[in-house]
Trainee: 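First the structure, then my questions, so here it is.
Atoms within a ligand are numbered from 1 in the order they appear, just like the ligands themselves.
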Amino acid sequence: MVRLILDSASGSYPVLIGTNVQRELRAMVTRLDPTGAAIVTDSNVRPWALKVAKAINRAGLKTAIHTVRAGERSKSMAELADVLAFLERQRIDRSGVVIAVGGGTVGDLAGFAAAVWQRGVRLVAVPTTLLAMVDSSVGGKTGVNGLRSKNAIGAFWQPAAVISDLACLKTLPPANYRDAFAEVVKYAVAMDRGLVDLLQRERERLLAADSAILESVVFRCVAAKALVVAKDERERGPRAILNYGHTAGHALEAASGFRVSHGRAVAFGMRVAARAALAMELCSKRLVETQDALLQAYGLPDKLPRVDPARVLAAIPRDKKARRGKVAWVLPRRLGHAEIGHAVPAALVRRVVTRALS
Ligand SMILES: NC(=O)c1ccc[n+]([C@@H]2O[C@H](COP(=O)([O-])OP(=O)(O)OC[C@H]3O[C@@H](n4cnc5c(N)ncnc54)[C@H](O)[C@@H]3O)[C@@H](O)[C@H]2O)c1
Ligand SMILES: [Zn+2]
């Protein structure tokens, strides 16, 4: 088991990563000394939520579970209203706690409910997908989707504690597990050279979800994210490095009508960014090749469904990170180090995107 403390402008909190960590979860919740606890989960994760409830009950704290339908569609205002009604029924007051047991969907929804209920109650995150463990459960971004736009309504609300139980990953659908490696490769290439080596060395064990090695990988990803969140909680500067691969990635996701998954789209986005950096003589050919090999090795091949490059290109300036029409790209300089705020000439963007799609 490993533990780290994430510091942010709005407070510090522990992040614990281990296997079968019910005891630690109970201790952590007990330490928060809440007046009540309400668990939010989804239909696929309910067995894990029951385990969490049992662990907490043993500490003498009663808890109820609200189960939403699995899937991104539950990240909605309608579902938020239901979650808030649940918190009201459970009489969760300012000293109560919301416990999110699930992937990024449940985490974002329950996190936002915790941010607005009684103007903010404490949130304990129990992520159950690899993506949620390495990315969405830490950093404090919460929210739901608008009718047309993703993550349009939300708040920054840091959790009081994050507890990742790697045992949960055993039941995760393989495609979701593999997809999360796009974010892992992102941290490695953009921020952590040692993680690149680890990913190259331990492919077999990682693809088999070996807990011992996953523990170090999740730890390194959280540590990388913690480093930038500590400096820039609200994404006014350095936190933007976490968008490596997401500029062209989001564009492909949207242009494909979300047929391309987030992970595969980010893998595409990293390929595009690295090729742009190479053309601008900002990185080596070796970096591009190493990154390609790594993505391939983790089941993120460059074969994509047919998507019209023109549609992807048209979607790039609409990316929410675009400032005054100019897109600030995150480009890799060497393995383990990327830079934010680069301008890439439009003709070059067109060339690399078109090639990456052919
Ligand atoms: N807040 C942030 O900083 C942040 C960052 C990245 C992504 N996100 C958001 O996260 C969401 C995607 O997260 P996700 O990939 O975790 O998706 P998800 O929460 O929808 O989970 C994917 C699927 O796996 C199921 N599942 C979850 N854990 C399981 C387990 N242990 N065993 C079996 N099935 C399980 C879920 O029910 C769901 O069907 C998106 O909405 C995205 O916008 C947020
Ligand atoms: Zn992402």
Trainee: Under 2.8 Å from the Zn ion (ligand 2), which protein N, O or S atoms are there? Could you list them by chain and number?
Mentor: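 Only E183 OE2, H246 NE2, H262 NE2 fall inside 2.8 Å of the Zn ion (ligand 2).
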
Trainee: Report the C-alpha distance between Q118 and I92 in whole Å, list the side-chain angles of each, state the deciding distance to 0.1 Å, and finish with yes or no for side chain to side chain contact (heavy atoms under 4.5 Å, CB included).
Mentor: CA-CA 9 Å; Q118 303 287 322; I92 296 298; over 6 Å; no

Trainee: Please enumerate all residues that pass ring pair (Phe, Tyr, Trp, His ring centres under 6.0 Å) together with F181, with sequence neighbours excluded.
Mentor: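 Scan of F181 (ring pair (Phe, Tyr, Trp, His ring centres under 6.0 Å), adjacent residues dropped) gives Y177, Y298.
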
Trainee: Given the rule in the side chain to side chain contact (heavy atoms under 4.5 Å, CB included) test, do F156 and R234 qualify, once you have shown the distances and angles that lead to the verdict?
Mentor: CA-CA 7 Å; F156 283 96; R234 305 237 155 181; 3.6 Å; yes

Trainee: Using a strict threshold of under 4.0 Å (side-chain N to carboxylate O), is an ion pair present between E183 and K186?
Mentor: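 Yes, this pair counts.
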
Trainee: Of V138, V229, D7, L123, which meets side chain to side chain contact (heavy atoms under 4.5 Å, CB included) against Q158?
Mentor: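 The side chain to side chain contact (heavy atoms under 4.5 Å, CB included) with Q158 is passed solely by V229 among V138, V229, D7, L123.
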
Trainee: OG1/T35 to CG/L61 distance, rounded to the nearest 0.5 angstrom?
Mentor: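 T35 atom OG1 to L61 atom CG measures 8.5 Å (nearest 0.5 Å).
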
Trainee: Given a heavy-atom cut-off of 4.0 Å, could you list the residues near ligand 1 in chain and number order?
Mentor: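 Heavy-atom contacts below 4.0 Å: D42, N44, V45, W48, A70, E72, K75, G103, G104, T105, D108, T128, T129, L131, D135, S136, K141, K150, N151, C168, T171, L172, P173, N176, K225.
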
Trainee: Using the side chain to side chain contact (heavy atoms under 4.5 Å, CB included) rule, take E253 and H262 through it: C-alpha gap first, then chi angles, then the decisive distance, then the call.
Mentor: CA-CA 7 Å; E253 235 182 327; H262 183 69; 3.1 Å; yes

Trainee: Given T41, which of I99, V126, I65 fulfils the side chain to side chain contact (heavy atoms under 4.5 Å, CB included) condition?
Mentor: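 Single side chain to side chain contact (heavy atoms under 4.5 Å, CB included) partner of T41 among I99, V126, I65: I65.
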
Trainee: Please identify each residue that fulfils side-chain hydrogen bond (donor to acceptor under 3.5 Å, both in side chains) with R275, with sequence neighbours left out.
Mentor: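 For R275 the side-chain hydrogen bond (donor to acceptor under 3.5 Å, both in side chains) partners, ignoring immediate neighbours, are D292.
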
